[in-house]
Trainee: 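A single structure is presented below for examination.
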Amino acid sequence: TSLLFFAEAAWRIAAPGTSAPQRASAYFNAANFLALGMLGLCCVYWPTLSKWLPRRDENENEIEDKTQQVELENSPSLMDTEQRVVVESGEATPSDEGGGRPDGAPEGPDAVPRGQQTEDVRPAAKAYTDGAPEGPDAVPRGQQTEDVRPAAKAYLSSLTAFLVFMTVTNHVVKAFSEASLDRGLPQTEGVESFVTGAAWFLLTDQKSFIATLFLLAGLYCPEILDRKGLRGFVINAQVRLGGAWVLYSALLGPLTIMWGLDYLSLPLKYLYSSGPTWAVLWLLNFSIAYALIAQIAPTVKWSMPHPFVLLLAGLALSGVFYGMTVAAGDSRWNYFGTMNKWNYAVALYVPFFTVGVVGGRNDWLKSVEEMPAWVVWPLRLIVLGFWVTFFLATAQVTIPIPGLSLDSGLVDSIAPPLYATVVSLNLLFLFNRISSSGKGQSKFMSNMGDAAYLVYVIQYVPMSVMLISWMEILRAAGVLISYKGTISYTYDDKGEPQLLSKGAVWGGFFFVLV
């Protein structure tokens with residue numbers, strides 16, 4: 001993966017684009033890729049590189065080891081609980097009070113004979129520390145895979161799959177509504193039902209679900225870092241996230257564009273394309289930044305604030321979002337470094353990922369899962385209020401609604417952070433409740449969660465195939481199809497461009513989505 005990052009950095013430098021924002025982004029990407037590549041190589045070859053570094057004097061190491069052993073033996077917590085096991089001799093040290101087995105093992109006819117106990121003997125209260133289930137269905141120790149997760153967190157996999165499905169649906173909806181919503185093409189009779197629903201869905205979906213995905217990724221980071229260490233964490237992120245990024249941006253994305261250009265009878269070009277994997281690249285950057293900062297920053301012990309306090313934080317971020325939206329406008333600088341709008345990054349993605357990291361370290365999920373009804377229901381009503389507002393902001397234009405004058409631009413530039421905060425809390429609570437009573441998830445749902453990441457990365461490839469297939473079906477049926485960029489449209493009796501008919505739009509939506 002590191003070598004591929006180097007190659008992609010060279011590509012970005014060789015073909016930076018023409019405008020100032022394009023060139024700046026290309027050079028930033030190149031520096032980003034070089035840094036990721038160097039860090040990846042250092043981690044892969046660290047066992048070799050570490051041999052070249054100066055070592056500490058062996059006497060200093062021996063003195064430090066003895067000091068730590070004395071401190072451990074004098075630890076009050078260990079002496080009081082009578083659980084200290086001297087590994088060197090394989091014998092336990094009796095307690096001062098006498099009696100009982102000082103190593104925490106049971107007594108009686110089923111007791112393990114002295115000398116046959118291993119270091120892994122633990123009291124029952126401490127036995128469940130590695131996230132593995134216990135009982136007759138427990139996975140034998142030593143046979144557990146890295147994917148073993150506590151049952152209480154298993155529902156996060158189902159939530160991830162749901163968010164990915166909604167993101168894919170968002171892109172399909174946009175493909176069939178963009179001609180009317182963004183390009184201003186007139187609607188055919190009856191299609192306003194699709195356009196209204198599409199605009200409402202886009203508002204409710206894209207303002208929160210990607211931020212929630214960043215939140216979920218942050219929740220897993222502390223657990224993975226603790227289990228793998230810095231070197232393993234970086235290598236895992238480089239392969240899983242970096243590999244997906246390079247696969248799409250350097251291969252699948254350009255090939256998909258070439259196929260579309262060929263279908264439109266345009267000159268073929270092998271163009272750099274991030275597609276939906278822009279989020280994967282920045283998740284990789286955020287994850288590695290966290291892992292590096294965690295090496296020097298103290299562990300933050302912080303209980304979860306009350307959900308209503310989090311809403312106040314979301315409201316403050318809405319102010320930040322509004323200021324950045326007004327300042328950025330439609331500038332291409334808002335997409336600098338392959339980020340999909342920096343107003344969203346600063347006010348949503350970075351804060352949500354950070355909250356996920358802090359929450360994962362301090363087990364905030366438990367507080368969310370145990371929210372009382374008097375907290376949950378106001379959160380649900382707030383979401384409902386946002387949905388009604390989004391619908392009115394859309395319907396006043398697409399239906400239209402006489403006498404309604406709602407500033408949809410103001411709603412769009414203020415709502416996202418607060419809306420994403422309350423939606424995330426509701427989704428976490430809801431998916432925990434509908435999971436299998438906290439006992440984990442079925443194999444099917446587990447597989448869906450595992451496949452969701454692949455679906456997210458490659459979604460544009462099958463989507464483009466199905467879109468072109470649907471256009472060819474319409475052409476075979478005698479519908480005149482033309483394009484404005486990549487947006488398909490037809491013509492009315494006067495030869496003016498017009499959105500596809502109601503049946504073509506609805507039929508195409510389900511054809512591509514399914």
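Hydrogens, waters and symmetry mates play no part in the numbers below; they use all other heavy atoms, side chains included. Nothing fancy with the numbering, it's 1 onward along the sequence.
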Trainee: Taking NZ, NE, NH1 and NH2 as the nitrogens, is one of them in Glu369 or Lys366 under 4.0 Å from a carboxylate oxygen of the other?
Mentor: no
Trainee: Is there any salt bridge (charged side-chain N to carboxylate O under 4.0 Å, His left out) pair reaching into residues 205-216, and which pairs are they, with sequence neighbours excluded?
Mentor: Lys207-Asp412
Trainee: Using the six-membered ring wherever Trp is involved, compare the ring planes of Phe386 and Phe390 and label them parallel, tilted or perpendicular (cut-offs 30° and 60°).
Mentor: tilted
Trainee: Is the distance between the ring centroids of Trp364 and His306 under 6.0 Å?
Mentor: no
Trainee: For the residue pair Asn170 and Phe165, establish whether any side-chain heavy-atom pair is separated by less than 4.5 Å.
Mentor: no
Trainee: For the residue pair Trp342 and Trp282, categorise the inter-ring angle as parallel (less than 30°), tilted (30 to 60°) or perpendicular (more than 60°).
Mentor: perpendicular
Trainee: Hey, mind stepping through Gln206 and Tyr344 against side chain to side chain donor-acceptor pair (under 3.5 Å) and telling me if it holds?
Mentor: CA-CA 10 Å; Gln206 63 190 14; Tyr344 278 84; 5.6 Å; no
Trainee: So Phe233 and Tyr290, would you call those rings parallel, tilted or perpendicular, with 30° and 60° as cut-offs?
Mentor: perpendicular
Trainee: Are the side chains of Leu467 and Met463 in touch, meaning some heavy atoms are under 4.5 Å apart?
Mentor: yes
Trainee: Who pairs with Trp11 by ring-ring contact (aromatic ring centres under 6.0 Å, His included), at least two apart in sequence or on another chain?
Mentor: Tyr270, Tyr272
Trainee: Please identify which of these residues, Phe209, Phe286, Phe352, meets the ring-ring contact (aromatic ring centres under 6.0 Å, His included) condition with Phe214.
Mentor: Phe286
Trainee: So that I know where these two stand, are Phe6 and Phe33 an aromatic pair - ring centroids less than 6.0 Å apart?
Mentor: no
Trainee: Answer yes or no: is there a side-chain heavy-atom contact under 4.5 Å between Leu215 and Phe353?
Mentor: no
Trainee: Taking the six-membered ring of Tyr453 as reference, does the NZ or CZ atom of Arg240 fall below 6.0 Å from its centre and within a 45° cone about the axis?
Mentor: yes
